[in-house]
Amino acid sequence: MEIRSDLIFKGPTWSKVDRGYRKKFFETQWGIFKICLSIGILYDIQLDDEKSDLEEDGLDIPRTMFNRNGAEMQFFFQTAILTSRCVELSEKDRLYLAFSEEIPEEELEGEDAELLKRGVSETALKFNKIDFLRKFANYGAQKLNECLSINDSETMESLIEFLNASYKGETEELQALMKVESLIDDID
């Protein structure tokens, strides 16, 4: 997965998260971004970018950092696109989006490229992977923001409690998600 421009996250939430966590709990903005992305994917919740008239600080992830960790980001994307209920795509679309980049164009001969795309929707062919991941990270930033306190020790304790509860599936949001999945399985 490769991008051609920096990822810039602005708004009051990202600004607070950056000031509250960088250099205290995470060495870089890259670390903050990855945990935010992980949380969003786990909870399968996306949020649009915050609108703000102010020029807020926030996170600025250089494209070189993102591209240097392309395999890791591809794994995040594959996990999200294959499991998320945030987008309505067919199984063929999801598989194409998740794995088509793993086949180098040099290996595709003749009509292989067309065969690979056969049955894939126009929506999937024009899918914005970065925007898809960005929205998950926005939700994760909101959750990290909720853990912030005036005291770094309290922030760390709140973050650890949140991450442990998330891991165990004990948060209200995850329990509600499990109920919905159970109902869907019962219907199928």
Say whether, by atom type as modelled, one donor and one acceptor occur between the side chain of N145 and the main chain of K16 under 3.5 angstrom.
no
Checking side-chain polar atoms at under 3.5 Å, does Y43 have a donor or acceptor matched by the opposite partner on S166?
yes
Are the side chain of R22 and the backbone of V17 linked by a donor-acceptor contact shorter than 3.5 Å?
no
Answer yes or no: is there a side-chain heavy-atom contact under 4.5 Å between I61 and F9?
yes
Rounded to the nearest 0.5 angstrom, the NZ-CE distance for K34 and M73 is 9.0 Å
May I ask you to check whether F136 and F76 place their ring centers less than 6.0 Å from one another?
no
K92 (side chain) donor-acceptor with R118 (main chain) under 3.5 angstrom:
yes
Are any non-hydrogen side-chain atoms of L82 and F99 less than 4.5 angstrom apart?
yes
A137 versus F33, closest heavy-atom pair with distance
CB-CE1, 3.9 Å
Is any side-chain heavy atom of L133 less than 4.5 Å from a side-chain heavy atom of K129?
no
So how far is it from L148 CG to T155 OG1, rounded to the nearest 0.5 Å?
5.0 Å
Tell me yes or no: between the side chains of D18 and Q29, is some donor less than 3.5 Å from an acceptor?
yes
Do K135 and L47 make a side-chain contact, defined as non-hydrogen atoms from C-beta onward lying under 4.5 Å apart?
no
Regarding N138 and D48, do their side chains bring together a donor and an acceptor under 3.5 Å, going by distance alone?
no
Minimum side-chain heavy-atom gap D152-F25 below 4.5 Å
yes
Between the OG atom in S158 and the CG atom in N151, the distance rounded to the nearest 0.5 Å is 11.5 Å
Could you tell me whether the side chain of I39 reaches within less than 4.5 Å of the side chain of I45, counting heavy atoms only?
no
Give the ring-plane orientation class for F127 versus F77, where under 30° counts as parallel, over 60° as perpendicular and anything between as tilted.
tilted
Nearest 0.5 Å, what's the OG1-CG distance between T83 and L42?
9.5 Å
CD1-OG distance between I130 and S5, expressed to the nearest 0.5 angstrom
8.0 Å
Would you say the side chain of L97 lies within less than 4.5 Å of the side chain of F132, judging by non-hydrogen atoms?
no
Does D93 reach the main-chain N or O of V120 with its side chain, forming a donor-acceptor pair under 3.5 Å?
no
I'd like to know if E91 and R94 make a salt bridge, using a cut-off of under 4.0 Å between side-chain N and carboxylate O.
no
Are the side chains of R68 and W30 in touch, meaning some heavy atoms are under 4.5 Å apart?
no
What one should report as the nearest heavy-atom pair of K143 and E173 is NZ-OE2, 2.7 Å
